[in-house]
Every structure is written in structure tokens, then in C-alpha cells.
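Data block below; observations after.
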Amino acid sequence: MEKKNIDWSSLGFGYVKTDKRFVANYKDGKWDKGGLTEDADIVMSECAGVLQYAQTVFEGLKAYTTEDGRIVVFRPDLNDARIHDSALRLEIPALPEGMFIDAVEQVVKANAAWVPPFGSGASLYLRPFIFGISPVIGVKPAQEYQFRLFATPVGPYFKGGVKPLTIKISDFDRAAPCGTGHIKAGLNYAMSLHAIVTAHNEGFDENMYLDAATHTKVEETGGANFLFVTKDGKVVTPKSSTILPSITRRSLMIVAKEYLGLEVEEREVYREELEDFAECGLCGTAAVISPVGKVVDHGKEICFPAGMTSMGPVTQKLYDTLTGIQMGRIEDKFGWTKTIIG
Ligand code: PLP
Ligand code: COI
């Protein structure tokens with residue numbers, strides 16, 4: 001199969017329309033079987049549930065070309081489980097068993113020419129989402145839904161590749177206790193837009209959100225979880241019921257313990273502790289692991305000893321091991337990669 005003529009290594013994190021996407025519809029209380037289409041546009045009522053009350057949930061995962069030329073996806077079963085949880089929380093009907101993984105397989109196969117080659121630093125990002133498509137004017141769930149999964153080739157989420165980021169502690173809250181912070185709902189991102197534009201206008205790359213109840217504990221950014229490394233090499237990640245359970249973060253904690261033999265800790269992380277850490281990184285499907293060089297807390301600068309020029313040594317090892325597993329360079333001990341084309 002001939003690859004598309006793209007300068008893969010210069011791709012950023014943007015939308016490029018690819019050849020085929022999967023679409024299924026929910027009507028009269030059931031999902032149809034769905035299938036691939038070339039139509040990237042959606043026609044819907046001006047009063048659709050997604051437009052009026054933001055009834056939409058989504059996922060993000062990537063397809064990679066491995067060193068030996070296979071095309072794989074990483075832990076799609078966890079995205080399937082998470083979109084199930086997200087959907088139920090927003091009163092969206094769950095997908096039929098098997099539909100999510102089937103859609104991933106069909107879309108990756110149909111867009112194989114768009115999967116960036118091994119070594120290019122790029123990947124094919126998959127964006128599954130389910131949204132209320134029928135008219136809703138009183139506040140209630142829609143009667144009809146659409147599930148779509150499209151693919152777009154992407155490069156690094158943050159411009160400048162692995163240059164350590166500068167982030168600010170935000171004055172805005174991301175997620176309320178007992179709210180929707182733990183699911184992947186569009187509404188969580190809509191409400192973060194003003195905060196991220198504010199941060200960018202002030203010269204920061206990202207926000208660090210604190211817990212809304214006490215503003216004393218570290219939560220996450222708008223699109224990634226945090227990982228910290230203590231001065232004695234322990235990997236620490238914030239435990240909170242109001243952050244998204246990142247698949248990358250959960251995988252990295254296992255990589256740290258089982259591949260690298262490091263001590264790991266998932267616990268509450270207080271703002272006051274930030275100065276004690278040696279390294280800090282953002283982790284997620286889009287972010288992979290992006291190092292943080294500096295956190296600014298209302299004018300007070302907290303600089304991590306790893307500095308502003310490169311990744312810290314533990315972060316680098318975590319990055320190399322995770323991407324090594326994803327690209328088939330390091331043994332996949334836990335069967336995390338699923339071969340789509342082999
Ligand atoms: N936190 C938020 C708010 C996110 O949007 C994402 C992205 O999916 C993550 C964390 C990272 O999650 P994952 O590693 O599953 O992509
Ligand atoms: C992902 O990492 O897949 C996300 O959905 C994060 C988003 C901010 C791009």
C-alpha cells in the first residue's frame with residue numbers, strides 16, 4: 001500500500017481529512033450496525049442535543065507503525081471502557097459490545113495509507129465520539145445519537161517537540177467534586193477554553209488545575225495528567241476522583257514499576273510539595289510525555305532541577321520505554337499493543 005505524500009515529520013497536532021470514517025446511528029432505542037463512509041460532514045437539526053446542551057463524549061487513541069512494519073493501536077480496550085463510562089454519565093446509550101474495537105480496526109485499515117511511517121515521530125490519531133443528534137429543547141437527553149470515529153495524522157501536541165513547558169497554576173477550576181472531571185465529555189474542554197487562552201496570552205504553555213474544593217491539591221492540565229519524580233527517583237502521580245483516568249499515566253506507572261524497577265506512588269499531591277520534586281511531566285495520548293520545566297504560582301517560579309533544555313533522566317526513560325513498546329522496539333510484556341495490520 002502506497003503511503004500518502006506527506007512531510008510526516010513536520011506534522012503538528014491538527015485535523016487532516018482522511019479517506020474513511022466509521023458512523024453508526026442510534027434510533028428507536030437501538031444502534032444500527034454502522035459502517036465506513038467517505039462523508040466527513042454531519043447534517044443535523046439546529047436543535048440537536050449536542051448543540052444545545054453539549055451532550056457529547058469522546059476518546060483519543062493512536063495507531064503506530066512498528067519497527068517491523070506492523071500497524072498497531074495501544075490499549076484500545078481501555079478507551080472502549082472509558083467511553084462506556086463517559087456515555088453513561090451523560091445519559092448517552094452505551095455502544096453495543098464490540099462496536100468500538102471493530103470501528104477502530106475498520107478505520108485504521110481503511111486509512112492505512114495515512115498511518116505515518118516508523119521513525120517519523122508522527123502517528124495516526126483516532127477520535128471516536130458519540131453525541132446527541134435529535135432535537136432537544138427542554139433539558140433532557142436526546143432520543144437519537146451518532147457514533148463516529150475518524151482518523152487524522154498528527155505530530156507532537158506541543159510545538160517545539162520535547163522542549164520543557166512552562167505552566168501556570170490556574171485561577172479557574174476544571175472539575176467539581178461529584179462532577180464530570182473523571183469522564184471525557186466535551187463540556188470539560190469547552191469550559192477550559194477561556195482558561196487556556198488566558199494562559200497562552202500570558203505566555204504559558206498550559207494550566208495546572210488545582211482541586212476545586214480546597215485549591216491545595218494538584219489535579220491535571222486541560223488535556224493530560226501529571227507525573228512527578230522525587231529527588232530519590234520515586235514516580236508520583238496525583239490521585240483524585242475528579243481527573244481523567246489517563247491510559248498513558250496508568251501505563252507509565254506500570255512501566256516505571258515493572259520495566260524500570262522504580263518505586264511508584266498514586267496519592268494526593270499538594271501544591272506546597274511542588275518544589276520538592278526533581279522532574280515533572282504531562283502525560284496523555286496526545287501529549288505522550290511532555291516535560292515541564294517550570295510551574296508559576298502567581299508570580300512565584302518553581303523550577304524543576306531537570307531544567308528547561310531537555311527531559312529529566314527518569315522522564316526520558318519512561319518516554320523511551322513507553323514509545324519503545326508502542327513502536328515494537330521493546331517487548332510488550334502485557335499485550336498492550338493490538339496489531340491491526342501485521
Ligand atoms: N486528562 C485529560 C483532561 C485528557 O483530555 C487526556 C487525554 O485523553 C488525558 C488526561 C490523558 O489521557 P490518555 O492518556 O488516556 O490519553
Ligand atoms: C488525547 O490525548 O487524546 C486528548 O484527547 C487530549 C486532547 C487535549 C487532545
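As the structure is a computational prediction, the values presented were derived from the model and not from experiment. We use all heavy atoms of the structure for the numbers below, so side chains are in, but hydrogens, waters and symmetry mates are not.
- Annotation for E272: atom CD counts as buried by contact number, over 12 foreign heavy atoms lying within 6.0 Å.
- Proximity of I325 to Y259: side-chain heavy atoms (C-beta onward) are separated by under 4.5 Å at one or more points.
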Show which side-chain atoms of residues 88-96 pair as donor or acceptor with protein atoms under 3.5 Å away, not counting sequence neighbours.
unit_1	atom_1	unit_2	atom_2	d
R89	NH2	G179	O	3.3

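- Side-chain N or O atoms of R21 include one that pairs as donor or acceptor with a backbone N or O of T18 at under 3.5 Å.
- Partners of E202 by salt bridge (Lys or Arg N to Asp or Glu O under 4.0 Å), not counting sequence neighbours, listed by chain and number: K168.
- There is a path of hydrophobic side-chain contacts, each under 4.5 Å, that joins F147 to V73.
- From T285, atom OG1 reaches atom CZ of R75 across 11.0 Å, with rounding to the nearest 0.5 Å.
- Contacts of Y157 classified as ring pair (Phe, Tyr, Trp, His ring centres under 6.0 Å), with partners at least two apart in sequence or in another chain: F13.
- A distance-only check finds a donor-acceptor pair linking the side chain of T66 to the backbone of R70 [under 3.5 Å].
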Decide yes or no on side chain to side chain contact (heavy atoms under 4.5 Å, CB included) for V292 and E206, but give the supporting numbers first. CA-CA 10 Å; V292 175; E206 255 296 350; over 6 Å; no
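- Between K231 and D276 there is no salt bridge, since no side-chain N of the basic residue sits under 4.0 Å from a carboxylate O of the acidic one.
- Here R249 pairs with E266 under the salt bridge (Lys or Arg N to Asp or Glu O under 4.0 Å) rule; sequence neighbours left out.
- The hydrophobic cluster containing L61 does not contain L282, counting ILVMFWY residues as joined when their side-chain heavy atoms lie under 4.5 angstrom apart, directly or transitively.
- Between T339 and I71, every side-chain heavy-atom pair lies at or beyond the 4.5 Å cut-off.
- Electrostatic pairing of R267 and E273 counts as a salt bridge here, judged by a charged N lying under 4.0 Å from a carboxylate O.
- Listed by chain and residue number, V23, D32, Q146 satisfy the side-chain contact (heavy atoms from CB on, under 4.5 Å) test with N25 (two or more places apart in sequence, or in another chain).
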Test H200 against D205 for side-chain hydrogen bond (donor to acceptor under 3.5 Å, both in side chains), laying out the working first. CA-CA 6 Å; H200 286 164; D205 298 300; over 6 Å; no
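- Taking the side chain as every heavy atom from C-beta outward, F158 and K163 never approach each other to under 4.5 Å.
- Looking at heavy atoms from C-beta onward, F226 lies out of side-chain contact with T237 at the 4.5 angstrom threshold.
- Scanning for salt bridge (Lys or Arg N to Asp or Glu O under 4.0 Å) contacts around E220 gives R174, with sequence neighbours left out.
- From T152, atom OG1 reaches atom NZ of K62 across 11.5 Å, with rounding to the nearest 0.5 Å.
- Residues M99 and L78 are members of separate hydrophobic clusters, defined by side-chain heavy-atom contacts under 4.5 angstrom among Ile, Leu, Val, Met, Phe, Trp and Tyr.
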Can you give me every donor-acceptor pair (side chain of residues 299-309, partner residue at least two apart or in another chain, under 3.5 Å) with its distance?
unit_1	atom_1	unit_2	atom_2	d
K300	NZ	E275	OE1	3.4
K300	NZ	E275	OE2	3.4
E301	OE1	K294	NZ	3.4
E301	OE2	K294	NZ	3.4

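- Between F131 and M44, the closest side-chain pair of non-hydrogen atoms falls below 4.5 Å.
- Residue pairs meeting the salt bridge (Lys or Arg N to Asp or Glu O under 4.0 Å) criterion with at least one member in residues 234-243, sequence neighbours excluded: K234-E263, K234-E265.
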Set out, in order, the CA-CA distance, both residues' side-chain angles and the distance that settles side chain to side chain contact (heavy atoms under 4.5 Å, CB included) for F204 and I167, then state yes or no. CA-CA 5 Å; F204 298 101; I167 65 178; 5.7 Å; no
Without placing hydrogens or testing angles, list every side-chain donor-acceptor pair under 3.5 Å for residues 188-198, not counting sequence neighbours.
unit_1	atom_1	unit_2	atom_2	d
N188	OD1	T180	OG1	2.8
N188	ND2	T180	O	2.8
N188	ND2	I183	O	3.0
Y189	OH	K184	NZ	3.2
S192	OG	Y189	O	2.8
T198	OG1	H194	O	2.6

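- The main-chain N or O of S310 is never found under 3.5 Å from a side-chain atom of Q316 such that the two would form a donor-acceptor pair.
- The hydrophobic clustering, which links ILVMFWY residues whose side-chain heavy atoms are closer than 4.5 Å, places I42 and Y145 apart.
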Would D39 and T37 count as a side-chain hydrogen bond (donor to acceptor under 3.5 Å, both in side chains) if you check the C-alpha gap in whole Å, the side-chain angles of each, and the deciding distance to 0.1 Å? CA-CA 5 Å; D39 193 354; T37 173; 5.3 Å; no
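- Taking the six-membered ring for Trp, F58 and F129 have ring centres at least 6.0 Å apart.
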Taking distance alone, no hydrogens or angles, what donor-acceptor pairs closer than 3.5 Å link side-chain atoms of residues 113-128 to residues at least two apart or in another chain?
unit_1	atom_1	unit_2	atom_2	d
W114	NE1	D19	OD1	3.4
W114	NE1	D19	OD2	3.2
S120	OG	P117	O	2.8
S120	OG	A122	N	3.2
Y125	OH	R127	NH2	2.8
R127	NE	E59	O	2.9

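- Contacts classified as salt bridge (Lys or Arg N to Asp or Glu O under 4.0 Å) and involving residues 136-157 (residues at least two apart or in different chains) are not found.
- No donor-acceptor pair closer than 3.5 Å links the side chain of T315 to the backbone N or O of M311.
- For CD of Q143, the number of neighbouring non-hydrogen atoms (other residues, nucleotides, ligands) closer than 6.0 Å is 12 at most.
- No more than 12 heavy-atom neighbours from other residues, nucleotides or ligands sit within 6.0 angstrom of NZ on K27.
- Proximity of I130 to W31: side-chain heavy atoms (C-beta onward) are separated by under 4.5 Å at one or more points.
- A donor-acceptor pair under 3.5 Å is absent between the side-chain atoms of S170 and the main chain of Y209, judged by distance alone.
- Annotation: side chain of I83 is in contact with side chain of V57 (closest heavy-atom distance under 4.5 Å).
- More than 12 heavy-atom neighbours from other residues, nucleotides or ligands sit within 6.0 angstrom of OH on Y64.
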Verdict with reasoning, H182 to D85, per side-chain hydrogen bond (donor to acceptor under 3.5 Å, both in side chains): CA-CA 9 Å; H182 62 298; D85 295 344; over 6 Å; no
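- A donor-acceptor pair is defined here as one N or O able to donate and one able to accept, closer than 3.5 Å; no such pair exists between the side chain of K217 and the backbone of A212.
- Two residues are said to be in side-chain contact when any heavy atoms from C-beta on lie closer than 4.5 Å; V235 and L227 meet this criterion.
- In this view, E105 and K338 satisfy the salt bridge (Lys or Arg N to Asp or Glu O under 4.0 Å) rule, not counting sequence neighbours.
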Verify side-chain hydrogen bond (donor to acceptor under 3.5 Å, both in side chains) between T337 and Q326, making sure each step is shown before the conclusion. CA-CA 7 Å; T337 54; Q326 290 167 336; over 6 Å; no
